[in-house]
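These notes concern the structure reproduced below.
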Amino acid sequence: MTRATGIGSWPGTAVGEAVRAVRDLLGDDDGAGLAYLPELPARGPGSDLVGRTAGLLVEMPVDLQPSGWRLVDRPGLDARRTAALWREDLDSLAEAYDGWSGDLKLQVAGPWTLAASLERTRGERVVADAGAARYLVESLAEGVRSHLGEVTRLVPGSRPVLQVDEPSLPAVLSGELPTASDYGRLPAVDPQVAAHGLQAVLAAAGDLPTVIHCCHPRAPLPLLRGVGPGAVALDLTGASAARWESVAATVEAGVALYAGCLPSAGGGTRAVAAGLLVEGFRQAGLPAASLADVTVTPTCGLAAASADAALATTRLLLDVAAELDERAVG
């Protein structure tokens with residue numbers, strides 16, 4: 001059955017309201033929606049993708065500096081604020097999903113997006129230090145394992161789905177990240193090293209479903225499918241013929257597709273979004289029946305949208321999923 005879900009972020013600062021809105025839209029028993037824990041970056045530091053995930057790291061405290069998040073020797077005010085935001089999120093989740101059962105998606109920043117964003121104590125990015133990057137991978141994997149266990153404890157009927165967000169992965173692989181001085185570029189990370197890090201974090205999910213999300217136009221699909229996720233999440237609104245061929249190879253390898261087909265800023269239509277995927281599958285030689293295995297999403301998060309627009313986009317995604325499901329069986 002074709003499903004609909006969000007990438008993760010949501011507008012506003014009222015987390016309880018956001019959690020209930022997503023539950024009401026995507027948590028029905030009909031299976032058409034994949035509910036998720038929304039992220040509200042408008043709440044400030046510690047709610048952003050990097051700071052939020054850094055709060056899950058084990059024995060790697062961070063602090064917010066003018067230049068961004070930095071590893072420090074001991075947790076301080078910023079770490080306590082992030083922990084408080086997480087408690088608020090999980091309390092709201094437990095209340096909203098009391099007695100509920102089904103898949104529940106949770107999003108974290110991937111190891112290479114974290115390594116590209118976090119600074120070491122002396123100022124350079126973690127990704128510039130192979131040893132520090134390995135330690136970060138291990139710390140993140142342990143933190144993710146604990147986080148999934150906590151959600152399962154709070155919502156016993158849920159089956160967590162781990163989404164690993166890697167927006168910075170293409171820059172890490174191509175050596176595009178600037179140095180701290182901004183006068184040079186950091187060396188590219190070897191693809192095998194990058195793959196090993198992703199595999200370690202995915203392994204923390206055990207037998208639970210996993211998704212790797214990268215909405216960059218150069219998302220490295222061969223590498224992503226090679227690390228063994230259950231699914232990949234991509235922005236397909238501008239996909240070339242070559243991209244669709246790579247999508248086909250991914251689907252044929254048994255990796256499911258989360259298809260970004262509606263603009264996060266709004267303005268899309270059911271006909272255009274569904275037509276994009278139907279034509280893409282036809283062009284790639286994929287059978288129409290495979291549309292039933294797709295999960296449709298916005299192109300990226302909805303944090304920049306208004307609350308009404310976020311609701312409208314999510315409802316429209318459910319309409320797109322229903323149309324694709326009809327085409328899959330018709």
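Throughout, residue positions are numbered sequentially from 1 according to the sequence presented.
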For this session: Show your working on side-chain contact (heavy atoms from CB on, under 4.5 Å) between L148 and V151 and close with a plain yes or no.
Result: CA-CA 5 Å; L148 293 172; V151 170; 5.9 Å; no
Problem set entry | Stepwise salt bridge (Lys or Arg N to Asp or Glu O under 4.0 Å) test for E142 and R145 | CA-CA 5 Å; E142 187 175 347; R145 190 177 297 110; 5.9 Å; no
Exercise. Do T297 and T5 pass the side chain to side chain donor-acceptor pair (under 3.5 Å) test, and can you show the C-alpha distance, the side-chain angles, and the key distance before you say yes or no?
Worked result: CA-CA 5 Å; T297 74; T5 193; over 6 Å; no
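Between the side chains of E166 and T113, a donor-acceptor pair is found at a separation under 3.5 Å. No side-chain donor from either of S306 and D308 sits under 3.5 Å from a side-chain acceptor of the other. Between the side chains of Q65 and E119, not a single donor N or O lies within less than 3.5 Å of an accepting N or O.
Within the 4.5 Å cutoff, side-chain heavy atoms of E39 are placed close to those of Q107. The closest side-chain heavy-atom distance from L169 to P220 is below 4.5 Å. Side-chain atoms of L236 and Y258, non-hydrogen and from C-beta on, never get closer than 4.5 Å to each other. Looking only at side-chain heavy atoms (C-beta outward), Y135 and M60 come within less than 4.5 Å of each other. Counting heavy atoms from C-beta outward, I7 and C215 have side chains that stay 4.5 Å or more apart. No side-chain heavy atom of V72 sits under 4.5 Å from any side-chain heavy atom of T121.
E88 has a carboxylate O that lies under 4.0 Å from a charged side-chain N of R43, or vice versa, which qualifies the two as a salt bridge. A salt bridge links E323 to R327: at least one charged side-chain nitrogen sits closer than 4.0 Å to a carboxylate oxygen. Between R159 and D103 there is a salt bridge, with a side-chain nitrogen of the basic residue lying less than 4.0 Å from a carboxylate oxygen of the acidic one. The pair R52-D89 meets the salt-bridge criterion, with a side-chain N (NZ, NE, NH1 or NH2) lying under 4.0 Å from an Asp/Glu carboxylate O.
Taking all atoms of both residues into account, the shortest heavy-atom contact from G8 to Y36 is O-CE1, 3.4 Å. In terms of heavy-atom proximity, V164 sits nearest to G110 at CG1-CA, 3.3 Å. The nearest pair of heavy atoms linking L85 to S47 is CD1-OG, 3.3 Å. Taking all atoms of both residues into account, the shortest heavy-atom contact from P111 to V137 is CB-CG2, 3.8 Å. The two residues L202 and G228 come nearest to each other via the heavy atoms CD1-C, 4.4 Å. For the residue pair A4 and L26, the shortest heavy atom distance occurs at O-CD2, 3.6 Å.
Between the OG atom in S168 and the NE2 atom in H216 there is a gap of 9.0 Å [rounded to 0.5 Å]. Note that CH2 of W244 is 5.5 Å distant from CG of L276, once rounded to the nearest 0.5 Å. A distance of 8.5 Å separates NE2 in H213 from NZ in K105, rounded to the nearest 0.5 Å. In this structure, L223 CG and L173 CG are separated by 6.0 Å, a value rounded to the nearest 0.5 Å. Distance CG/L186 to CG/D129: 11.0 Å, rounded to 0.5 Å. Between the CG atom in L262 and the CZ atom in R270 there is a gap of 11.5 Å [rounded to 0.5 Å].
Residues passing the side chain to side chain donor-acceptor pair (under 3.5 Å) test with W69 are D48, sequence neighbours excluded.
The cationic atom of R23 (NZ for Lys, CZ for Arg) does not lie both less than 6.0 Å from the six-membered ring centre of W100 and within 45° of the ring axis.
The main-chain N or O of G301 is found under 3.5 Å from a side-chain atom of S264 such that the two form a donor-acceptor pair. One N or O on the side chain of S9 and one on the backbone of L302 form a donor-acceptor pair closer than 3.5 Å.
Heavy atoms of other residues, nucleotides or ligands lying less than 6.0 angstrom from CD of E17 number 12 at most. Residue R134 qualifies as open at atom CZ: its count of foreign heavy atoms under 6.0 Å is 12 or below. Residue E176 qualifies as enclosed at atom CD: its count of foreign heavy atoms under 6.0 Å is above 12.
Under a 4.5 Å side-chain heavy-atom cut-off, the cluster of Ile, Leu, Val, Met, Phe, Trp and Tyr residues that includes Y183 has no other member.
The cluster map of Ile, Leu, Val, Met, Phe, Trp and Tyr, joined by side-chain heavy atoms under 4.5 Å apart, puts L104 and V15 in the same cluster.
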